[in-house]
Colleague: 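One structure is given below, represented as structure tokens, and several questions about it will come after.
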Amino acid sequence: MAKPRVIRVTKADNNFQYLEVISRNRRKRHRYGVFLVETVKGINAALQYRWDIQAFIYPAQVELSRWAQDILQNSRAPVHYELNPRLMEELSDREETSELLALAAIPPDDLARIPIRKGFLMVVLDRPSNPGNIGTIIRSCDSFQAAGLVITGHSADLYDPQAVRSSISSLFALPTVRVPSYQELLPWFARIRERYPDFQIIGSSAKATKKITQVDFTRPTALILGNETSGLSHNFREICDEIAKIPIFGSTSSLNIACAASIFLYEIQRQRCAAPLIPGE
């Protein structure tokens with residue numbers, strides 16, 4: 001195995017600007033096809049699930065932990081960036097500067113990455129605008145055995161540092177795919193329905209009449225969650241078999257989308273655990 005090429009960065013040169021723009025600029029992030037991974041859990045998960053690591057980044061003349069040393073010694077990344085500690089502070093997105101960052105390749109947006117299996121459950125986010133919500137929903141999907149997540153339309157960036165951080169490493173475990181619109185999902189949904197005739201598409205809306213407890217979630221399900229401000233689009237409403245709401249009380253009229261997703265997923269898991277069919281069996 002070839003040793004990584006070490007690039008030593010002592011000032012804010014082109015190498016540093018490349019790393020910084022990946023962290024701060026969505027357009028450049030996707031142009032280069034990589035994103036920054038920070039935190040021990042995130043890097044460990046990226047390695048565990050065999051994501052393509054393009055580079056590791058660490059501060060020069062700093063004693064690294066045994067964890068970081070082991071990762072660098074066993075690295076298969078083609079490049080290591082050794083940064084001036086001051087530059088490392090600028091690049092890190094945390095109050096306490098990380099000792100190690102990774103550059104991971106953005107995987108293809110291919111629906112085939114989401115496995116279709118017995119007890120199928122997946123979530124669709126329609127034009128989510130907040131990267132923190134995206135990360136939190138990824139974490140909930142991972143926690144409640146969803147097979148994957150699809151993000152449709154113009155939305156916040158899945159690989160924004162806030163989304164990656166909010167997922168608490170679940171991004172690397174849960175297949176998450178972006179598609180331009182609902183239309184790309186139609187033939188895929190049709191194939192799922194051919195395999196599982198009782199497959200259903202359930203939308204979420206605070207204005208629905210049916211409660212989530214009145215929906216049979218033991219069936220194979222795609223759960224559709226709308227934009228934080230405008231809710232489900234007309235096109236998604238048209239393809240839903242049913243639309244359900246979470247009963248809420250008090251002065252508020254709706255829940256944060258990440259909270260709503262977690263409640264829906266918990267109800268689905270509750271029903272399936274009480275039924276003969278449990279996801280994954």
Side-chain angles (χ1 to χ4, degrees), residues 1-7 18-19 22-23 26 28-58 64-82 91-94 98-125 131 134-151 157-179 188 279-281:
M1 182 177 68
K3 290 185 177 181
R5 179 166 63 97
V6 178
I7 299 176
Y18 165 73
L19 297 173
I22 288 169
S23 174
R26 172 181 182 158
K28 294 292 182 66
R29 189 182 302 135
H30 289 278
R31 175 183 171 185
Y32 295 127
V34 291
F35 67 104
L36 274 176
V37 184
E38 198 164 2
T39 76
V40 172
K41 283 188 176 181
I43 292 173
N44 282 345
L47 293 170
Q48 177 185 351
Y49 291 98
R50 300 182 181 279
W51 281 54
D52 180 8
I53 305 299
Q54 295 290 304
F56 285 108
I57 308 158
Y58 58 92
L64 300 176
S65 68
R66 172 53 58 185
W67 166 79
Q69 291 180 44
D70 287 345
I71 285 179
L72 294 176
Q73 287 171 5
N74 294 289
S75 169
R76 295 178 178 271
V79 175
H80 286 178
Y81 290 94
E82 186 179 273
L91 191 61
S92 176
D93 199 40
R94 305 177 69 194
S98 296
E99 64 172 340
L100 188 64
L101 289 83
L103 272 186
I106 295 175
D109 286 310
D110 185 353
L111 290 169
R113 290 176 53 213
I114 299 177
I116 301 171
R117 59 196 176 204
K118 192 175 181 180
F120 181 73
L121 168 65
M122 56 87 64
V123 175
V124 177
L125 292 182
I134 291 175
T136 301
I137 292 170
I138 289 172
R139 188 180 180 188
S140 294
C141 288
D142 185 26
S143 299
F144 292 110
Q145 301 188 70
L149 173 70
V150 175
I151 298 171
D157 186 16
L158 169 62
Y159 299 103
D160 183 283
Q162 186 181 354
V164 177
R165 185 171 59 250
S166 298
S167 78
I168 316 293
S169 79
S170 288
L171 170 66
F172 303 101
L174 183 84
T176 304
V177 176
R178 301 162 300 166
V179 297
W188 190 59
E281 287 197 343

Colleague: Given side chains that start at C-beta, do those of E99 and W67 come closer than 4.5 Å, heavy atoms only?
Modeller: yes
Colleague: Enumerate the residue pairs fulfilling salt bridge (charged side-chain N to carboxylate O under 4.0 Å, His left out) with a member in residues 105-114, sequence neighbours excluded, ordered by first and then second residue.
Modeller: D109-R178
Colleague: Which heavy atom of P161 sits nearest a heavy atom of S23, and at what distance?
Modeller: CG-O, 3.4 Å
Colleague: For residues 36-45, pull every pair meeting salt bridge (charged side-chain N to carboxylate O under 4.0 Å, His left out), keeping only residues two or more places apart or in separate chains.
Modeller: none
Colleague: Between L125 and I134, what is the shortest heavy-atom contact and its length?
Modeller: CD1-CG1, 4.4 Å
Colleague: Once ring-ring contact (aromatic ring centres under 6.0 Å, His included) is applied, do any residues pair with F172, and if so which ones, sequence neighbours excluded?
Modeller: W51
Colleague: Quick check: does any side chain N or O of R29 sit under 3.5 Å from a backbone N or O of I22, one acting as donor and the other as acceptor?
Modeller: yes
Colleague: Can the ring centroids of Y18 and Y32 be said to lie less than 6.0 angstrom from one another?
Modeller: yes
Colleague: Are side-chain heavy atoms of I138 and T176 found at a separation under 4.5 Å?
Modeller: yes
Colleague: Between S170 and A173, is there a donor-acceptor pair closer than 3.5 Å when you use the side chain of the first and the backbone of the second?
Modeller: no
Colleague: List the atom of Q69, the atom of L64, and the distance in Å for their closest heavy-atom pair.
Modeller: NE2-O, 2.7 Å
Colleague: I need the full list of salt bridge (charged side-chain N to carboxylate O under 4.0 Å, His left out) pairs touching residues 141-151, with sequence neighbours left out, sorted by first then second residue.
Modeller: none
Colleague: Got a sec, which residues hit side chain to side chain contact (heavy atoms under 4.5 Å, CB included) with Q48, two or more places apart in sequence or on another chain?
Modeller: none
Colleague: I'd like to check the salt bridge (Lys or Arg N to Asp or Glu O under 4.0 Å) partners of R66; sequence neighbours left out, ordered by chain and number.
Modeller: D70
Colleague: Should we say atom CZ of R26 is surrounded by more than 12 heavy atoms from elsewhere, each under 6.0 Å from it?
Modeller: yes
Colleague: Passes side chain to side chain contact (heavy atoms under 4.5 Å, CB included), L101 versus V37? Steps please.
Modeller: CA-CA 6 Å; L101 289 83; V37 184; over 6 Å; no
Colleague: Keeping the roles fixed (side chain from S65, backbone from A68), state whether a donor-acceptor pair exists under 3.5 Å.
Modeller: yes
Colleague: How close do D157 and H30 get, heavy atom to heavy atom, and via which atoms?
Modeller: OD1-NE2, 2.8 Å
Colleague: Strictly distance-based, threshold 3.5 Å: is any side-chain N or O of S143 a donor or acceptor partner for the main-chain N or O of C141?
Modeller: no
Colleague: Considering non-hydrogen atoms only, spot the tightest contact between P4 and S75 and give its length.
Modeller: CG-OG, 4.0 Å
Colleague: Looking only at heavy atoms, what is the nearest atom pair of V150 and M122, with distance?
Modeller: CG2-CE, 3.5 Å
Colleague: Could you check if a side-chain atom of I43 sits within less than 4.5 angstrom of a side-chain atom of I53, using non-hydrogen atoms only?
Modeller: no
